[in-house]
Amino acid sequence: MHSNINLLIEPDYAAMSRKAAEVFAEALRERPEGVFGFATGGTPEGMYENLIRMHRENGLDFSKMNAFNLDEYYPIKQNDSQSYYYFMREKLFSHVNVSPGHTHIPNGEASDPAAECAAYDREIETYGGVDLQILGIGANGHIGFNEPSESFTSRTNYVALTEITVQSNSRFFESLEQVPRHALTMGIRPIMMSGQIMLLCSGASKAEI
Ligand code: PGA
């Protein structure tokens, strides 16, 4: 179990994003072949912008890194502009020298979502678990698509989105009806098995949670 929690408070979103990128870059330099867990959503975008800059300006090297993303909508086509596959490509992967075969995101096009989740868990285990997992947190406390009531032992699973999550994520879609109602999400267990977790949280709406 994780026993050390370091709470870093930065003056604003830009400073948080820079600090998060520094922490990530240090871990990547220490462990270029490490397993890094990525998150989507508005929160890590600034961190990804900083990582792209560090790649361009300082040659931060992603070529040996292995990436596992937290979650994906279901069903969704990879090339749908709302998919997390698309998000990662646009916001980070296509701008740095990550090896295409080294990125893993639950497949929103899989015919059997439960089997896809079990295979994803096995794949994470094959790599020895995640070394550094980046997390956001929802205004209601969700982690990935794990709602706060989820057990700490939950494995990667196929979940129905709660109404509050559908509504919150609808800001990225043209209409509420377009938001997928299900998702594939890394479970709390594989998340908690990570060597280190960096949870990013910004904004007054999340102060309470
Ligand atoms: P956000 O989402 O970064 O877009 O606020 C976080 C989350 O819901 O996990």
Side-chain angles (χ1 to χ4, degrees), residues 5 7-21 23-24 36-52 67-74 76 80-93 104-106 108 117 120 124 130 132-152 154-176 178-192 194 196-209:
I5 297 179
L7 178 63
L8 302 179
I9 298 179
E10 297 292 327
D12 56 23
Y13 178 75
M16 180 198 78
S17 300
R18 275 196 305 275
K19 182 72 191 178
V23 171
F24 183 96
F36 292 86
F38 288 90
T40 50
T43 308
E45 279 193 46
M47 171 189 168
Y48 295 158
E49 283 166 17
N50 277 280
L51 289 177
I52 292 167
F68 278 89
N69 260 78
L70 267 184
D71 48 14
E72 178 62 283
Y73 287 118
Y74 188 90
I76 200 159
D80 188 309
S81 61
Q82 299 296 348
S83 81
Y84 291 166
Y85 180 93
Y86 189 94
F87 177 103
M88 288 310 297
R89 192 176 70 199
E90 295 300 306
K91 305 289 185 191
L92 181 65
F93 293 157
H104 307 261
I105 299 181
C117 290
Y120 199 71
I124 295 171
V130 174
L132 172 60
Q133 176 68 54
I134 298 151
L135 291 181
I137 185 164
N140 73 337
H142 70 220
I143 297 285
F145 281 115
N146 299 286
E147 296 302 336
S149 57
E150 195 56 68
S151 127
F152 270 75
S154 69
R155 303 223 169 217
T156 298
N157 50 1
Y158 172 54
V159 296
L161 304 192
T162 59
E163 202 47 42
I164 181 172
T165 298
V166 170
Q167 273 174 22
S168 160
N169 288 13
S170 67
R171 69 189 194 277
F172 297 114
F173 291 80
E174 275 170 28
S175 72
L176 191 66
Q178 287 180 5
V179 185
R181 298 289 153 148
H182 290 84
L184 312 172
T185 186
M186 200 188 279
I188 296 290
R189 182 174 188 277
I191 293 171
M192 290 305 289
S194 306
Q196 197 183 356
I197 293 171
M198 176 160 58
L199 187 148
L200 305 176
C201 182
S202 168
S205 67
K206 294 186 182 171
E208 196 181 342
I209 198 70

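First listed ligand is number 1; within each ligand, the first listed atom is number 1. None of the values given here were measured: they were computed from a predicted structure. Just so you know, residue 1 is the first one in the sequence shown, and it goes up from there.
- Classification of the Tyr158-Tyr74 ring pair by plane angle, with boundaries at 30° and 60°, yields perpendicular.
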Are any protein N/O atoms closer than 3.5 Å to the N/O atoms of ligand 1? If there are, list each pair with names and the distance to one decimal place.
unit_1	atom_1	unit_2	atom_2	d
ligand 1	3 (O)	Gly42	N	3.3
ligand 1	3 (O)	Thr43	N	2.9
ligand 1	3 (O)	Thr43	OG1	2.5
ligand 1	4 (O)	Gly42	N	2.8
ligand 1	4 (O)	Arg171	NH2	3.0
ligand 1	5 (O)	Lys206	NZ	2.6
ligand 1	8 (O)	His142	NE2	2.7

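- Under the 30°/60° scheme for interplanar angles, the aromatic rings of Phe173 and Tyr73 are found to stand perpendicular.
- In this structure, the separation between OH on Tyr13 and CE on Met47 is 10.0 Å, given to the nearest 0.5 Å.
- Using cut-offs of 30° and 60° on the angle between ring planes, the pair Phe24 and Phe36 is tilted.
- Between Tyr84 and Phe87, the ring planes are perpendicular. Angles over 60° get that label, and only those under 30° would be called parallel.
- Summarising the local packing, CD1 of Ile164 is surrounded by 12 or fewer heavy atoms from other residues, nucleotides or ligands at distances under 6.0 Å.
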